[in-house]
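Report on the structure given below.
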Amino acid sequence: MSRYEPSVIEPKWQSAWEEAQTFRADRSEDKPKYYVLEMFPYPSGRIHIGHVRNYTMGDVIARYKLSTGHNVLHPMGFDAFGMPAENAAMAIGGHPKDWTYSNIDTMVSQMKPLGFGLDWSRMFATCDPEYYGQQQALFIDMLDTGLVYRKNAVVNWDPVDMTVLANEQVIDGKGWRSGAEVERRELTQWFFKISDFSEELLDALDGLDDWPAKVKLMQANWIGKSRGLQFAFSTVDAPDGFDRIEVYTTRPDTLMGASFVGISPDHPLAKQLEQDNPDVAAFCAEARKGGTTAEAIEKADKLGFDTGLRVRHPFDTAWELPVYIANFILMDYGTGAIFGCPAHDQRDHDFCTKYELPIVDTFLPLEGDFDIQAAPYVPTKSEKVRYTRPIAGETEQTGDDAVNAAIDLCEANGVGQGVTKFRLRDWGLSRQRYWGCPIPVVHCDKCGVVPEKKENLPIALPDDVTFDVPGNPLDRHPTWRDCTCPNCGGAATRETDTMDTFVDSSWYFARFTAPRATTPTDMAEAEYWMNVDQYIGGIEHAILHLLYSRFFARAMHITGHLPETAKEPFNALFTQGMVTHAIYQTKGADGRPVYHYPEDVELRDGKGFLQDGTEVQIIPSAKMSKSKNNVVDPVQIIQQYGADTARWFVLSDSPPERDVEWTASGAEAASKHLARVFRIASEIAGSDVPTTKEDEPLLREMHKAIFDVTGGVESFGFNAAIAKLYAFTNTLAKSKAGSDAKKTAALTLAQLMSPMTPHLAEEIWQVLGGEGLIANAPWPQADDAMLVEDMVTLPIQINGKRRGEIDVPKDLPKDEVEKLALAHHSVQKALDGGTPKKVIVVPGRIVNVVV
RNA sequence: GCGGGCGUGAUGGAAUGGUAGACAUACCAGACUUAAAAUCUGUUGGGCCUUGUGCCCGUGUGGGUUCGAGUCCCACCGCCCGCACCA
């Protein structure tokens, strides 16, 4: 009997699949299609164990769907543009292109030994001119249809990466990649008109039944719909052109509690006043400088500057309110102006207390006293309150009802209109970087901004660039900018901005359906393969990538590159958890922690020790990080245990949506188990035992295993499926059944394991004489008749507590079951001669006697 | 502040409202071995004494619905995540 040697069998079966083109996807009308996709990787240089988990889950689905008769598309590519390549060029020299393609080669060579059932013939990288050229074509189509536009805007400038960032890429006021404090600059930039789709992107979330509720909620919050009243305060003695100040509020029911009007330092009126009044200018300059970090915002004083201007209250023209410029009012939300109601808002309360403005309540709690001068009263909008100064009549109602009534009344009286606002801003896509997709437009003195002709695409990046000075190499390239205007034929210059790399990943899933097409997509292929039936990736993309992709799918439909049915491109989404690893640390001489590599730590009784006997502190389940020395390298794992062990382990133990901790003992156990399965199967292959009475119980267990594992795979319960496979293996190992039954069971075991451990499964399949490749074998079917036992064990409860059990035929009528249960000694004891109050018999499940 | 999620043995976790702790790790004991590794077998939620086909308790805490609750409802405690000067 031979040993289980993954290093021998794994390459063997990978070659067999490649030779048979098992995972090549071609359009075919006689099978239902299934498109499974994992979020494609950035070519950082090495694959990470998180990639292994992500792609293994996708592969389980892909292989399972293949064996259930689907035409499966399971492609792989690389999200290859981006800053790290430029940083590498700056740090170690060389060219971003060489760095990127060499990394891709390395990562492909690391991924192939994992045996994923991928159609490698479809692979591309987003930095391939064939890909980004089509992206440029798409951009031009979007420009034609008004989905892209150019405007002067205050943007987020990352001073380290020296580029503009989208709002979505600014986290706590810092660049998402560089971590540098973002500055505000005014530049002319390209924007995608995603805000036109706010309502639609929000509404369509409802139809995404197979998306995690959490992701849908995060997107809904991000889009940020609010209903409110927009109206104007008329001004008293204001500069020309400022007769009115437009204000937006979600709480028009508190209008009678208004104490001041506040405007943003960036508000046109503030800018006007700034010109004549140095005090205003100084205040505004100071306010604009204020940090944008959450911490800075938290600490920053709410500062106001009394402009001396007055406005009239819309309901009482004799009532005048002061106009303040305030540092906490944002120009890019609402109208850049607010009215302050200190009675029902903490911030306004603080502000009015500080500047000694009146605090007047508009509603109070239904019962009890409330000192509105001391604190604001801020109930939820669904809470019923007592209106002390109602706008639309009712005195006792909820905030929601009062708001709606107030909007209706204001509209009726011409005071303002009910409007719906969204938080979602247009997506600024210009980046002042080299390693990205060039924006395919030229600047002509005569014609202005002109899109390139499609026949000139791709507008390729020049290779002869240097990174010895900061900034965009395209800007300082001697000749690349020079071009002729596609419109008038005169001399013109190219746009040197490139696209945000999130553009690249917003349509790659569509490109996979026809990766070599000479248009962005091939409609026949797109109609056949779209949508992605199952998309799998990290929760960190819940907003950015997934929202952008949803927008792009719509844009591609409008520009004729995707069918209408693909407007929501991902039918089902699964967000998998991370692979974590313990951190082993001791305290260094300087008091700072010293991190130890797992191989230097010996684990005994749940404690860790260094070679010299020093105990280390174990921090369990931490995110892998190079600086914490707790990174597990998949390449090493594959060398040590083989791909199947790595695949088996990352799927077992934890539910796939949760984090799983990589442990040496767990990997060891997975490896041992696979070796055991191999051994059991080999023994069965060589055995010759006649049929026994143990055959049927084994086959029954087999059918239960088919049922449970199938259910587990279908519902992303991979950990539960694996637990069932362990249990079934134990049953098979102990079974005294004859060889034929055992062979059948072992073949089925191989099939059930094949999506997770495909190499081992093929090997066993071959050893046991299975026909062809197991990858192509039809998935086993559970026989319903074999799932139910003739005899069932029913637990007997007395008052809901388990007190015994009886074995009864499964079809025994209820009253017979009841009789048997009542005859049970524990029931007799409990009844003590009396009669039960009630007997509940749930056929096949349980008997409960109430005494 | 707003929104969402999660609390089950030493550990990861299982359980369509119906036998809580499947499966695995770790630990302990045994077989094989000169020994170790490997392999195989068995034990392991807590408590009680009368050692049984025994009794009591047990899924963060307190209450509720139900014949029956880890699961559903309410309140609280703890942890995690997302958003946030958003008007």
Side-chain angles (χ1 to χ4, degrees), chain A residues 3 171-172 212-222 224 226 228-229 247-251 254 262 264 290 292 294 296-298 300 302 326-330 332-341 345-348 350-351 378 380 421-423 539-540 542-543 603-606 620-621 649 652-655 657-661 663-666 668-670 672-673 675-676 679 708 711 717 719-730 733-734 793-805 824-826 836-842 844-851:
Chain A
R3 279 176 50 228
I171 296 148
D172 288 346
K214 183 187 171 76
V215 172
K216 289 190 278 187
L217 197 75
M218 281 165 72
Q219 291 213 355
N221 287 340
W222 187 264
S226 71
L229 179 75
V247 163
Y248 172 71
T249 178
T250 56
R251 291 310 296 258
T254 65
S264 162
T292 44
I297 287 164
E298 199 69 39
K302 309 296 180 234
N327 63 347
F328 56 85
I329 301 169
L330 307 173
D332 63 358
Y333 189 82
T335 62
I338 62 161
F339 80 82
C341 176
D345 182 276
Q346 184 67 55
R347 190 189 56 202
D348 291 348
D350 295 346
F351 190 87
V378 192
T380 68
K421 295 252 184 222
F422 293 92
R423 211 182 70 106
I539 186 77
E540 67 274 19
I543 297 173
L603 295 173
R604 289 195 303 265
D605 291 354
S621 204
F649 180 80
S652 60
D653 279 8
S654 282
E657 68 276 13
R658 243 183 269 179
D659 291 351
V660 63
E661 182 170 0
T663 59
S665 58
E668 194 69 42
K672 279 181 191 175
H673 177 72
R676 180 167 175 247
R679 206 166 46 240
D708 289 347
N719 57 325
I722 283 181
K724 186 66 195 178
L725 287 167
Y726 269 109
F728 180 50
T729 305
N730 292 341
K734 285 177 189 166
T793 302
L794 290 186
I796 297 175
Q797 292 182 334
I798 294 166
N799 295 335
K801 290 185 193 293
R802 185 176 173 279
R803 284 295 178 269
E805 56 187 42
H824 193 270
H825 63 86
S826 59
K837 284 197 189 118
K838 201 172 179 183
V839 181
I840 290 118
V841 179
V842 185
R845 294 233 77 125
I846 206 161
V847 182
N848 191 10
V849 182
V850 186
V851 297

task = Have a look at Asp348(A) and say if it touches a base, only the backbone sugar-phosphate, or nothing, with a 4.0 Å heavy-atom cut-off.
result = nothing

ask   = What does nucleotides 65-70 of chain B look like as a protein-contact string, B for base, S for sugar-phosphate only, - for none, at under 4.0 angstrom between heavy atoms?
value = --BS--

task = Using the C1' atom on both, measure U43(B) against A26(B) and round to a whole Å.
result = 14 Å

task = Examine C81(B): is either OP1 or OP2 under 4.0 Å from a nitrogen or oxygen in the side chain of Lys214(A)? Give yes or no.
result = no

ask   = Using atom P of each nucleotide, how far apart are A10(B) and U61(B) to the nearest Å?
value = 14 Å

ask   = With a 4.0 Å cut-off on heavy atoms, is Lys421(A) in touch with a base, just the backbone sugar-phosphate, or nothing at all?
value = nothing

request  = Provide, to the nearest angstrom, the distance between the CG atom belonging to Asp345(A) and the P atom belonging to C2(B).
outcome  = 13 Å

message = Any side-chain N or O of Arg658(A) below 4.0 angstrom from OP1/OP2 of C81(B)?
response = no

key: C1'-based separation of A75(B) from A84(B) [nearest Å]   = 27 Å

query = Expressed as a whole number of Å, how far does the C1' atom of G58(B) sit from that of U19(B)?
reply = 15 Å

message = Quiz question: going by heavy-atom distance under 3.5 Å, is there a donor-acceptor pair between the base of U53(B) and the side chain of Arg803(A)?
response = no

query = Just checking Leu217(A): base, sugar-phosphate only, or nothing, at a heavy-atom cut-off of under 4.0 Å?
reply = sugar-phosphate

note = Taken to the nearest whole Å, CD1/Ile722(A) to P/A22(B) is 18 Å

query = If the C1' atom of C83(B) is compared with that of A15(B), how far apart are they to the nearest Å?
reply = 35 Å

Separation between the P atoms of C6(B) and G60(B), rounded to whole Å = 13 Å

task = Could you tell me whether Lys421(A) sits above the aromatic face of Tyr333(A), with NZ or CZ closer than 6.0 angstrom to the six-membered ring centre and within 45 degrees of the axis?
result = no

query = Does Asn719(A) put a side-chain nitrogen or oxygen below 4.0 Å from OP1 or OP2 of A14(B)?
reply = yes

task = Describe the nucleic acid contact of Pro620(A) in one word from base, sugar-phosphate, nothing, applying a heavy-atom distance below 4.0 Å.
result = nothing

ask   = When Watson-Crick pairs (N1 to N3 and N6-O4 or O6-N4) and G-U wobble pairs (N1-O2 and O6-N3) count only below 3.5 Å on both distances, what is the dot-bracket string of RNA chain B, with | for other-strand pairs?
value = (((((((..(((.....[....)))(.((((.......)))).)(((((..).))))..(((((..]....))))))))))))....

ask   = Can you tell me how far the CZ atom of Arg803(A) sits from the CD1 atom of Ile796(A), to the nearest 0.5 Å?
value = 12.0 Å

inquiry  = When the P atoms of U71(B) and G18(B) are compared, how many Å lie between them, rounded to an integer?
reply    = 11 Å

request  = Considering only atom C1', compute the distance from G45(B) to G21(B) and round it to an integer number of Å.
outcome  = 8 Å

First encountered from the 5' end of RNA chain B, between Gly334(A) and Leu603(A) = Leu603(A)

query = What is the distance from atom OG of Ser826(A) to atom CZ of Arg802(A), rounded to the nearest 0.5 Å?
reply = 9.5 Å

query = Between Tyr726(A) and His673(A), how do the two ring planes meet: parallel, tilted or perpendicular, split at 30° and 60°?
reply = tilted

key: Syn-anti status, with the boundary at 90° from 0, for the nucleotide G9(B)   = syn

task = Please work out if Lys734(A) contacts a base, only the sugar-phosphate, or nothing of the nucleic acid, heavy-atom cut-off 4.0 Å.
result = sugar-phosphate

5' priority, RNA chain B, between Met218(A) and Ala337(A) [closest heavy atom] = Met218(A)

query = Tyr248(A) side chain N/O closer than 4.0 Å to the phosphate oxygens (OP1, OP2) of A87(B)?
reply = no

